[in-house]
Enquirer: 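Shown below is the structure under consideration.
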Amino acid sequence: MKILAIETTCDETAAAIIGDDLTIYASVVASQEALHEQYNGVVPEIAARAHVERILPVIQETVQKSGLSLIDDIDAIAVANTPGLAGSLLVGVTAAKSLALCLQKPLVAINHLHAHVYACRLDAGRDVFPCVGMIVSGGHTHLYHYTDALSPKYLGGTIDDAAGEAFDKVASMLGLPYPGGPAVSKIAINGDSAAHRYPRSFIREDRLDFSFSGLKTAVRYSITGPGNIALDSVDLDDSQKADIAASFQQAVVDCLVAKAIQAVSKTASNRICVGGGVAANRVFRKQLEQACEEKGIEIFIAPLKYCTDNAVMGAIALEKLKAGLVEDLSVDILPGLVRA
Ligand code: KG4
Ligand code: ZN
């Protein structure tokens, strides 16, 4: 069995062909980073238009690279229909419905968040469920308990910004490019993570939630002082920027690691799977791995190349297909988070 998976939830136009033994026949990601960089974040209207221009060439390139025939070799079309930007989701879902109709193939809907967690399964070589699943991305920071890949129970998440969003905003405050995560973590290497004592919301509380907006404000004040001074009127040298970046990164990592461990113990699990763009952060990966080792928790983190948005993680659709969970052409986009 082989599927064509399509991903257009935010600002990457992606397609992949994956087999039910998790062989990846082809994967193409057309990044829109260059289009959004000047705005320091994703502009939904620009993202949707770029998806329209790119979706067919991306699908075509994926099929060509795979050496397979869309008509003869592909058993189903899968597409992420939730959560994400409405305009972006519509492009992928419309393309997938059109292909399913023309080719008379089954259509499978993918939840983008659970696909991020499923990315851990790709290199694992065996089942990674049941587990606690953590999604840390630009739009989401959530914890779920999965009895299997398709049965998530929402445990908690951010009450304001996502971890990746905080990285992006702090990068912008420090005059670093978008996306901010890789830029902040790069300069943090030369910084002192204890230089600034930033807040770690809820860290000692018995709740599986996150809040990063206070941290963002604390970083701003450490740049400008408590007054209402414009950020661009302050000139920081490289070592000051590195200290802020390292201290900020450590505050985020401390919160993520603490809540991941709490979630595992609250659910009496012994395994955690982590996916999403922020899971590419090396300090986070290392410190979570260390904490899990100390507690005897088995950990899977998505392979680096499948942390940020891609269509290979759409392999979760193969599980749905096997379970007979297919859609008809009335399937719609669900831009908001569904906590299940
Ligand atoms: O999963 P993703 O590609 O898109 C969403 O579904 O949101 O995640 C993108 C986010 C961005 O906020 C980016 O700054 C962050 O992941 N990110 C990182 C790193 N690489 C990407 N954050 C921290 N450290 C990184 N190395
Ligand atoms: Zn994502």
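FYI, the numbering just counts along the sequence from 1. Just so you know, ligand 1 is whichever comes first in the structure, and atom 1 is the first atom listed for that ligand.
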Enquirer: Do Tyr198 and Ser222 have side-chain N/O donor and acceptor atoms under 3.5 Å apart?
Expert: yes
Enquirer: How would you list, by chain and number, the residues with a heavy atom under 4.0 angstrom from ligand 1?
Expert: His112, His116, Ser137, Gly138, Gly139, Gly164, Phe167, Asp168, Pro179, Gly180, Gly181, Pro182, Ser185, Gly276, Gly277, Val278, Ala280, Asn281, Cys307, Thr308, Asp309
Enquirer: Do His116 and Asp309 pair up side chain to side chain, a donor and an acceptor below 3.5 Å, judged on atom types alone?
Expert: yes
Enquirer: Taking atom types as modelled, find out whether His142 and Tyr154 have a side-chain donor-acceptor pair closer than 3.5 angstrom.
Expert: yes
Enquirer: Please tell me whether Tyr118 and Glu319 have a donor and an acceptor in their side chains that are separated by less than 3.5 angstrom.
Expert: yes
Enquirer: Parallel, tilted or perpendicular: which fits the ring planes of Phe212 and Phe210, with parallel below 30° and perpendicular above 60°?
Expert: parallel
Enquirer: Any luck finding a side-chain donor-acceptor pair between His51 and Thr8 under 3.5 Å?
Expert: no
Enquirer: Does His112 bring an N, O or S atom to within less than 2.8 Å of the Zn ion (ligand 2)?
Expert: yes
Enquirer: Arg126: what forms a side-chain hydrogen bond (donor to acceptor under 3.5 Å, both in side chains) with it, not counting sequence neighbours?
Expert: Glu298
Enquirer: Which angle, to the nearest 10 degrees, do you find at the Zn ion (ligand 2) between NE2 in His116 and OD1 in Asp309?
Expert: 90°
